[in-house]
Engineer: 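I have a structure I would like to understand better, so I am pasting it below and will then ask my questions one at a time.
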Amino acid sequence: MRIYRRSEIRSFLVLGIAVGLAIGVMVVPWPGPVATPTQREIHINARQFAFEPARLRVNRGDQVTLIFHPTDVVHGLYLEGYGVNLKAVPGESAQATFVADRAGKFRYRCSVSCGSLHPFMIGELVVGPNAFPWRASALAIIAALGTVAFLYVRAWEASR
């Protein structure tokens with residue numbers, strides 16, 4: 001049976017507290033207010049080989065209305081993951097409404113062949129969480145404080 005020195009016991013104690021706090025952070029729900037889902041109306045202009053804006057950001061749970069405006073030729077907009085498929089001619093617009101219920105990145109692309117660079121006409125919808133990323137922040141703080149405490153205990157024991 002191995003007998004542990006006091007410095008080892010203190011090191012294990014610091015490590016155990018840091019791991020316990022980290023596990024607690026991972027299972028505890030967000031303590032603060034969460035942003036309520038809102039209605040978003042987003043206009044997307046399409047011209048040959050580009051969408052404007054090329055990146056859209058919404059929160060999870062938002063009700064999103066896409067209003068699609070082609071400016072030069074017939075274009076389409078297909079949003080992967082949500083099954084939204086719009087088609088419009090210049091001077092007219094098309095729209096679709098959906099709830100952004102899945103977090104992540106979703107590509108949208110032109111669904112009507114519009115020229116030689118048609119395959120490169122893509123954009124991105126980013127559906128983010130409604131809350132501040134507190135878990136990542138808390139874990140980073142716990143890791144930093146745990147490291148400092150661990151090194152302090154080691155240095156204190158080495159100086160004795």
Engineer: Between T38 and Q63, does a side chain to side chain contact (heavy atoms under 4.5 Å, CB included) hold up when you go through it step by step?
Structural biologist: CA-CA 6 Å; T38 60; Q63 181 177 342; over 6 Å; no
Engineer: When the ring centroid of Y82 is compared with that of F106, is the distance short of 6.0 Å?
Structural biologist: yes
Engineer: For the residue pair V112 and K87, establish whether any side-chain heavy-atom pair is separated by less than 4.5 Å.
Structural biologist: yes
Engineer: Decide yes or no for F51 and F68: does some side-chain heavy atom of the first lie under 4.5 Å from some side-chain heavy atom of the second?
Structural biologist: yes
Engineer: Before you tell me yes or no, could you show the steps for R109 and E80 under side chain to side chain contact (heavy atoms under 4.5 Å, CB included), namely the whole-Å CA-CA distance, both residues' side-chain angles and the distance that decides it to 0.1 Å?
Structural biologist: CA-CA 8 Å; R109 59 181 167 79; E80 296 174 0; 3.6 Å; yes
Engineer: Using ring centroids (six-membered ring only for Trp), state whether F120 and F49 fall under 6.0 Å.
Structural biologist: no
Engineer: The test is side chain to side chain contact (heavy atoms under 4.5 Å, CB included); show your working for L56 and I44 and say whether it passes.
Structural biologist: CA-CA 9 Å; L56 309 173; I44 300 175; 3.7 Å; yes
Engineer: Does any part of the side chain of I67, heavy atoms only, come nearer than 4.5 Å to the side chain of E41, both counted from C-beta?
Structural biologist: yes
Engineer: Is the count of non-hydrogen atoms from other residues, nucleotides or ligands lying under 6.0 Å from Y152 atom OH greater than 12?
Structural biologist: no
Engineer: Do the side chains of Y108 and V84 get nearer than 4.5 Å, heavy atoms only?
Structural biologist: no
Engineer: Taking a hydrophobic cluster as the set of Ile, Leu, Val, Met, Phe, Trp and Tyr residues connected by side-chain heavy atoms closer than 4.5 Å, whether directly or through intermediates, do V89 and L86 fall within one such cluster?
Structural biologist: no
Engineer: Could you tell me if the side chain of H75 sits less than 4.5 Å from the side chain of M121, heavy atoms only?
Structural biologist: yes
Engineer: Can you check whether D62 reaches R60 side chain to side chain, under 4.5 Å on heavy atoms?
Structural biologist: no
Engineer: So do the side chains of N85 and L77 get within less than 4.5 Å of each other, counting heavy atoms only?
Structural biologist: no
Engineer: Using distance alone, with no hydrogens and no angle criterion, decide if N45 and T71 have a side-chain donor and acceptor under 3.5 Å apart.
Structural biologist: no
Engineer: Below 4.5 Å, heavy atoms only, C-beta onward: do K105 and L125 meet side chain to side chain?
Structural biologist: no
Engineer: Salt bridge check: are E124 and R107 linked by an N-O gap of less than 4.0 Å?
Structural biologist: no
